[in-house]
Amino acid sequence: QVQLQESGPGLVRPSQTLSLTCTVSGGSRTTDLYFWSWIRQPPGKGLEWIGYITNVGSTSYNPSLKSRTSISRDTSKNQFTLHLSSVTPEDTAVYYCSEIVAGSGHHWGQGTQVTVSS
């Protein structure tokens with residue numbers, strides 16, 4: 001029943017910040033332990049985990065991206081947001097948000113294409 005939807009610009013200029021928001025609906029109890037995550041897949045490559053934020057606001061990031069990554073949340077709106085700064089064309093990918101609820105399940109959004117280009 002849980003649904004996730006990514007939203008944000010599909011085109012970002014090099015050196016600027018990529019910002020995407022994920023809206024979670026159809027569930028999400030604040031008393032559960034959950035992880036809200038961002039994952040991406042560059043064209044022709046595998047999935048790459050970006051980072052997560054938990055129900056209590058703890059964050060963790062992929063070490064290769066940590067210096068450029070920030071994930072925040074707005075629990076009143078059931079939303080969380082990715083900010084990836086100083087982007088280059090290598091950041092072009094399909095970006096997915098996902099939710100893991102402890103003892104419950106794992107759900108993904110459909111993904112959104114983000115292209116970094118001038």
Side-chain angles (χ1 to χ4, degrees):
Q1 187 181 26
V2 174
Q3 294 178 296
L4 296 90
Q5 178 65 59
E6 303 90 347
S7 62
L11 179 65
V12 184
R13 304 294 190 270
S15 82
Q16 295 193 294
T17 296
L18 183 162
S19 297
L20 296 171
T21 294
C22 184
T23 301
V24 185
S25 62
S28 296
R29 295 177 60 86
T30 58
T31 55
D32 291 331
L33 171 62
Y34 62 80
F35 299 79
W36 284 346
S37 299
W38 288 99
I39 306 95
R40 70 181 185 181
Q41 186 170 34
K45 299 181 180 179
L47 296 170
E48 181 180 36
W49 174 70
I50 299 169
Y52 68 68
I53 188 164
T54 74
N55 55 293
V56 296
S58 300
T59 56
S60 184
Y61 305 114
N62 186 326
S64 69
L65 300 170
K66 184 176 182 178
S67 66
R68 299 192 290 129
T69 306
S70 177
I71 299 174
S72 59
R73 63 177 183 151
D74 184 343
T75 56
S76 69
K77 298 180 180 179
N78 273 353
Q79 292 182 330
F80 61 108
T81 299
L82 168 69
H83 298 289
L84 183 66
S85 66
S86 304
V87 298
T88 73
E90 292 184 344
D91 293 310
T92 294
V94 177
Y95 284 75
Y96 300 90
C97 60
S98 74
E99 178 187 67
I100 297 173
V101 179
S104 181
H106 187 187
H107 300 89
W108 291 63
Q110 66 180 353
T112 186
Q113 173 70 45
V114 179
T115 299
V116 179
S117 176
S118 61

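The basis for the numbers below is simple: all heavy atoms, side chains too, and nothing from hydrogens, waters or symmetry mates. Note that the coordinates shown come from a computational prediction; the quantities given were computed from them, not determined experimentally. Just so you know, residue 1 is the first one in the sequence shown, and it goes up from there.
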Using every non-hydrogen atom in the two residues, find where [X] and [Y] come nearest and quote the distance to one decimal.
X	Y	answer
Y61	S70	OH-CA, 3.6 Å
L4	C22	CD2-SG, 3.6 Å
P9	S19	CD-O, 3.5 Å
E48	S64	OE2-OG, 3.7 Å
Q110	Q5	NE2-NE2, 3.4 Å
T92	V116	OG1-N, 2.9 Å

Q: Could you walk me through whether S60 and W49 pass the side chain to side chain contact (heavy atoms under 4.5 Å, CB included) test, one step at a time?
A: CA-CA 10 Å; S60 184; W49 174 70; 3.7 Å; yes

Just how far is it from atom [atom1] of [X] to atom [atom2] of [Y], taken to the nearest 0.5 Å?
X	Y	atom1	atom2	answer
I53	T81	CD1	OG1	9.5 Å
Q16	L84	CD	CG	12.5 Å
Y95	I50	OH	CD1	5.5 Å
I71	R73	CD1	CZ	12.5 Å

Q) Is there a side-chain contact between P42 and E90, using heavy atoms and a 4.5 Å cut-off? A)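 When only atoms from C-beta onward are counted, E90 and P42 do not touch, as no gap falls below 4.5 Å.
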
**Q.** Close side-chain approach of R40 to N62, heavy-atom, < 4.5 Å
**A.**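 A side-chain contact is absent here, since even the closest heavy-atom pair is not under 4.5 Å.
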
Q | Neighbour count above 12 (heavy atom, 6.0 Å) for Q3 CD | A |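 Open: at most 12 neighbouring heavy atoms sit under 6.0 Å from CD of Q3.
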
Q) Same hydrophobic cluster for L18 and L11, using side-chain heavy-atom links shorter than 4.5 Å among ILVMFWY? A)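 No, L18 and L11 fall in different hydrophobic clusters.
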
Q: Could I get the full list of side-chain hydrogen bond (donor to acceptor under 3.5 Å, both in side chains) partners for T54, not counting sequence neighbours?
A: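 With neighbours one apart ignored, the set is empty.
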
Q: Determine yes or no for a side-chain-to-main-chain donor-acceptor pair under 3.5 angstrom, with Q79 supplying the side chain and T23 the backbone.
A: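 Judged by distance alone, no pair lies under 3.5 Å.
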
Q) Side chain of N55, backbone of Y34: donor and acceptor closer than 3.5 Å? A)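 Present.
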
Q) If you look only at pairs with a residue in residues 66-91, which of them pass as a ring-ring contact (aromatic ring centres under 6.0 Å, His included), with sequence neighbours excluded? A)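 Qualifying pairs, neighbours excluded: W36-F80, W38-F80.
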
Q. Side chains of T17 and S85: donor-acceptor distance under 3.5 Å anywhere?
A.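 Their side chains do not contain a donor-acceptor pair, so the 3.5 Å distance test is not met.
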
Q.
The criterion is salt bridge (Lys or Arg N to Asp or Glu O under 4.0 Å); which residues satisfy it with R68, sequence neighbours excluded?
A.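 Residues passing salt bridge (Lys or Arg N to Asp or Glu O under 4.0 Å) with R68: D91.
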
